[in-house]
Structures are given as C-alpha cells and as structure tokens.
Protein chains: 2
Amino acid sequence: MITVYGMSMSGNCYKLRLLLEQLGRDYRWVEIDSARGGTCTPEFLAKNPNGKVPVMELEDGRVLAESNAILCWLAEGAQGPHGNFLPDDAWLKAQALSWLFFEQYSHEPYIAVARFIRGWTPADSPRRADLPRLRERGHQALAVMERHLQSADWFSGQGYGIADIALFAYTHCAADGGFDLAAYPRIGDWLARVRATPGFVPMPDLDDEAVARLALPD
Amino acid sequence: MITVYGMSMSGNCYKLRLLLEQLGRDYRWVEIDSARGGTCTPEFLAKNPNGKVPVMELEDGRVLAESNAILCWLAEGAQGPHGNFLPDDAWLKAQALSWLFFEQYSHEPYIAVARFIRGWTPADSPRRADLPRLRERGHQALAVMERHLQSADWFSGQGYGIADIALFAYTHCAADGGFDLAAYPRIGDWLARVRATPGFVPMPDLDDEAVARLALPD
C-alpha cells in the first residue's frame, strides 16, 4: 500500500486524495502540518529535501515528490470515466502535461499563494501586501482557462483526467484567495462537471482557525 | 518540420534548442523578443494565450506550450547517449518528471527571474528589491540539487535526459543572477558532464545590452 504525506487543506495534497479515491486505490494518509513546521523536521526532509508536501512513499521506502509528477505516476495506464486519466496519445498527453506545468508555474503561485496568505498567515503579515499582485496574475491564469473552455470540455484531452484534477485543486477554492469566479462562467460549468465525475470527493473541511482568518477582509 | 517560437537568450527556450540539436531534428526557429513585447502581440497570443515562450508549432498548425511539456513530447521514445531522454521505466520516468516540476516551481522562479531582473530590466527597476529573496530561494534549490548529486550522476534516471536539460538551462548561467556556484562542487561536475554529452550546443551569446547590464552591481 502507498503512503501519502500530506496536509489535508492543501490543494496540492488534495489532488492525490481525489485521484486515489477515483481510482479506488488503498492508501495511507499521514497528516503533515506544513503551516507549523511539519515539513522542516529531519524525518520529513529525509523524504523530501525540498521540504514540500505531498510526498508519496511506496512500501519499499522509495519516495516521489511533486504533486503533478505523483499524479502522472498514479495515472499511468489507469482508466478514468472517459478513458485514461492521462491520454495514451502522445500529442494529447503532451497537451495535458502542458496544463500540468501551466498549473504549477502560472496558476498555483498566485491563486494558491493568495489563499495561503489569507488563511494561514497572521492578519498583520507583511505578505498581505503581495495580494494585489497575486490577484492580477491569478486572474490572468483564470482567463487562459476560460478561453480554453470555449472550445473544450476538459484540460486532459478528450475527457476528464489529471490535468483537470490538478487545475480543480486550487480553482474550486479560489474564493479563499479573494478571487470572484463569477466572471468565468465556463470555469463554473467545468467545476460542476468535475464534481459530477464518478467517485468525486471534496476537499476536507478547513479547520476553524483558517475559516475565521478567511472571513477577514484583506 | 517543427517551428519553435523562442527568445534565444531565454533558458526555457534554450532547452528546446539543446534537445533538438542532440536529437538531430530539423527545426525552424522564429525569434520572439519577449523582453520587448513580442509575446503580447495578437499573433503570438493566438498561439499561446498565456503569452510565454517557447511555443512549438507542427506543420499542420497545432501548437504546444510550456518548455518542459515540449521536452517530454520531443523525447517520447527518442534515444539519448545513455538510453532514452525520458526513461521508459514508469518509476524512473516519474522521478524525471518530478525534477521537471521542481525546476519550474522551485528553481526557475528564483534563479531565472534573478537573471532576468539583472539583465533585462533597467538599473533603477523596483524589481531589483526582490533580488535578496530570490537569491535565498534559489540557493535552496541549488542545495537540493547538490544533495541529489551525492548519490546520482543525473536527474533523468540512469543517464542524461530531459530533466538534466531542463535544470542545466538556468543553472549553467546562474552567475548572471548573482549566484556563486563555487559552494556546489557536485553541480559543477554535473554541468561539465552535460557539456560533454554528444551534440551539446551552448546557449547563444547574450547581446551587448544584456552583457552590460549583467556587469553592473545589483
């Protein structure tokens, strides 16, 4: 059985939970509180010297880091509701990979980081000064997604797959970072399509402290 | 024949040039000056709505964005000097993908961006205030690479491959961003191994303006 070291409220970690549940895979989840130093312990750094969750561990102790690389490994040859979670066709697979890299370079660093600053840093954190710039760049990413959805239903080729999972992870909770998705109707429809896929599980509920912080103005 | 839309002095674009040369593939290179708005034209945005180079175009007009996704597509089944440029073995392939995501999330945003700010923004740019933070995070990435090289010669599995190409692109010119690599002897040895691979081509020379800016103190 595989083990996931993850923080339940992290979208990067939720990606793995969602795919594992939809694949019907057994797994063990070890909760790591990365907001309180859980990724900085010697034990954790021995698994991932880069100090980030999630990390996946095989029974023989081999480990794999980077959420989207773990999605690729889990999806290898795995059947989804509309075909493989990662297309076999080389061109469609390359397009799905392109969205996975887009997610980590042009989407997560703005939309997820804005959410993190609002929900997991003190109300007087100097990082809150970054929020306007993060919003501007995050909206650029959402606009790119909205445009893609003019001519496609999914980001993973002809059906739902791991590029959808990766982009869903932080898009569905973009409001936590102060993003209003009302201007992106196609994204709203796509989020609903993802939620309707077989075996879908939502992100676990936030703890009370995060909920209270997210309710505050910037 | 494929066409690459790229900026020659960009490491993300150089990745494709290096792999294409080592594969002996014919290609057409269309120079895009992203530092002077070349990625913001309607023609370019029609190819990549995310407004970034490189973009690869097939003869039939289909396009693929994201440097590391393009590397994956070009490497699919292609033989390198030590085996495939992307391992066939699922686990080794996942590890190579993990380094590709590491490069785009934990390396490029610090090491490449510090280089960009020093070489391609005015000497009085307010972005120069970001340099100390970028250096700190960039050194963390270099330390992760140095540690990996304690027990491995390459980042792409058992031999040279696309994860090495992706990491080489901005590591070899990290000094442009103000990073001293003297503290990373294993990285120095690995850079030499990459330069010794068959068909290696260096990044094109910088123009005089960039050279002059990079010679200035921060």
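Note on naming: letters A, B, ... go to the chains in the order of the sequence lines (proteins, then strands), and numbering restarts at 1 for each one. Just so we're clear, the structure is a prediction, and the values are computed from it rather than from any experiment.
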Please determine, among A:Ile70, A:Leu97, A:Leu64, the option with the most heavy-atom pairs under 4.5 Å with chain B.
A:Leu64
Between B:Ala143, B:Ala69, B:Cys72, which shows the greatest number of heavy-atom pairs under 4.5 Å with chain A?
B:Ala69
Under 3.5 Å, which donor-acceptor pairs link chain A and chain B? Put them in a table for me, please.
| residue | atom | partner | partner atom | Å |
| --- | --- | --- | --- | --- |
| A:Asn50 | ND2 | B:Ser106 | OG | 3.1 |
| A:Val63 | O | B:Gln95 | NE2 | 2.8 |
| A:Ala65 | O | B:Ser98 | OG | 2.8 |
| A:Gln95 | NE2 | B:Val63 | O | 2.8 |
| A:Ser98 | OG | B:Ala65 | O | 2.8 |
| A:Tyr105 | OH | B:Glu108 | OE1 | 2.6 |
| A:Tyr105 | OH | B:Glu108 | OE2 | 3.4 |
| A:Ser106 | OG | B:Asn50 | ND2 | 3.0 |
| A:Glu108 | OE1 | B:Tyr105 | OH | 2.7 |
| A:Glu108 | OE2 | B:Tyr105 | OH | 3.4 |

Please classify the contact of B:Leu45 with chain A as side chain, backbone, both or neither, using a heavy-atom distance under 4.5 Å.
backbone
